[in-house]
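Structure record follows, encoded as structure tokens.
Model, not experiment: these values are computed from the prediction. These numbers come from the heavy atoms of this one structure, side chains and all, not from hydrogens, waters or symmetry mates.
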Amino acid sequence: MADLHDAAHQDAAHERVREVVAGIPAGQVLSYGQVAARAGLRSARQVGRILALDSDDLPWHRVLRADGRCAPHLAGEQLARLRAEGVTVVDGRVRR
DNA sequence: AAAGTGACTAGAC
DNA sequence: CGTCTAGCCACTT
């Protein structure tokens with residue numbers, strides 16, 4: 001039965017990242033690298049990739065770059081959502 | 001198999 | 001502050 005689930009379930013890493021992102025409280029943000037560390041991954045790029053594929057039910061807007069900036073193509077939506085949660089955004093950058 | 005790509009990061013200047 | 005470089009890793013061409 002393992003082989004059937006294997007493809008559908010993707011990787012354990014994938015699932016851990018989902019858990020970590022789902023656990024970020026409203027009004028708080030984490031960098032891709034922080035999520036990676038919490039999920040036991042080696043590279044921040046993997047987090048971005050996973051979110052790009054499967055962010056549908058997650059608060060993906062709480063994950064941004066290490067410098068407090070968000071990914072270029074997401075900036076508009078992401079910043080709007082963060083501001084709606086009470087996050088301080090100054091000149092397109094999140095204040096922690 | 002080799003090169004290109006991207007929701008990244010840290011360091012150098 | 002800013003830009004550039006190199007390192008990173010899974011995926012695509």
Side-chain angles (χ1 to χ4, degrees):
Chain A
M1 103 192 265
D3 39 302
L4 191 61
H5 276 266
D6 211 26
H9 175 280
Q10 307 185 35
D11 274 337
H14 192 124
E15 213 143 293
R16 267 185 236 115
V17 168
R18 289 179 57 91
E19 288 268 326
V20 170
V21 174
I24 304 174
Q28 183 170 340
V29 298
L30 285 180
S31 73
Y32 293 93
Q34 288 274 281
V35 173
R38 268 176 100 158
L41 300 185
R42 312 179 219 126
S43 85
R45 279 208 190 265
Q46 189 159 354
V47 174
R49 193 176 311 122
I50 289 168
L51 289 180
L53 291 172
D54 194 14
S55 64
D56 40 350
D57 281 326
L58 297 172
W60 56 269
H61 54 273
R62 296 180 190 142
V63 185
L64 49 152
R65 289 188 165 179
D67 63 353
R69 266 288 210 198
C70 37
H73 57 282
L74 296 173
E77 171 87 19
Q78 183 158 26
L79 258 32
R81 281 177 161 223
L82 288 172
R83 249 175 284 175
E85 290 186 349
V87 176
T88 307
V89 180
V90 179
D91 193 31
R93 194 160 46 213
V94 172
R95 283 284 199 182
R96 186 168 59 87

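When the C1' atom of B:dG11 is taken as reference, atom CG of A:Asp67 falls 14 Å away, rounded to whole Å. Separating the CG atom of A:Leu30 from the P atom of B:dT9 is a distance of 11 Å, rounded to the nearest angstrom. B:dA7 atom C1' lies 13 Å from atom CG of A:Leu58, rounded to whole Å. Per the geometry, CZ belonging to A:Arg65 stands 12 Å off P belonging to B:dG6, to the nearest Å. The interatomic distance linking A:Leu64 (CG) with B:dT9 (C1') rounds to 13 Å, in whole Å. Rounded to whole angstrom, the span from the CG atom of A:Leu74 across to the P atom of B:dG6 amounts to 14 Å.
Here the separation of B:dG4 from C:dT5, taken at their P atoms, is 16 Å to the nearest Å. With C1' as the reference atom, B:dG6 and C:dC8 are 12 Å apart, rounded to whole Å. Comparing C:dT13 with B:dA1, their C1' atoms are spaced 12 Å from each other, to the whole Å.
Within the 4.0 angstrom heavy-atom criterion, only backbone atoms of the sugar-phosphate kind lie near A:Ser31; the bases stay farther away. Residue contacts shown for A:Ala66 are limited to sugar-phosphate atoms, with no base heavy atom under 4.0 Å away.
Around the CZ atom of A:Arg18, the shell of radius 6.0 Å holds more than 12 heavy atoms that belong to other residues, nucleotides or ligands. The 12-atom threshold is not exceeded at CD of A:Glu19, counting heavy atoms of other residues, nucleotides or ligands nearer than 6.0 Å.
A salt bridge (charged side-chain N to carboxylate O under 4.0 Å, His left out) check over residues 72-96 of chain A, counting only residues at least two apart or in different chains, returns the pairs A:Arg62-A:Glu85, A:Glu77-A:Arg81.
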Contact state string [nucleotides 2-13 of chain C, B base, S sugar-phosphate only, - no protein heavy atom under 4.0 Å]: S----BBBB---
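A distance of 10.0 Å separates CG in A:Leu41 from CZ in A:Arg49, rounded to the nearest 0.5 Å. Rounded to the nearest 0.5 Å, atoms CZ (A:Arg38) and CD1 (A:Ile24) are 7.0 Å apart.
Considering every non-hydrogen atom in both A:Leu64 and A:Arg69, the closest pair reads CB-O, 3.4 Å. For the pair A:Val47 and A:Tyr32, the tightest heavy-atom approach, listed with the atom from each and the gap, is CG2-O, 3.7 Å.
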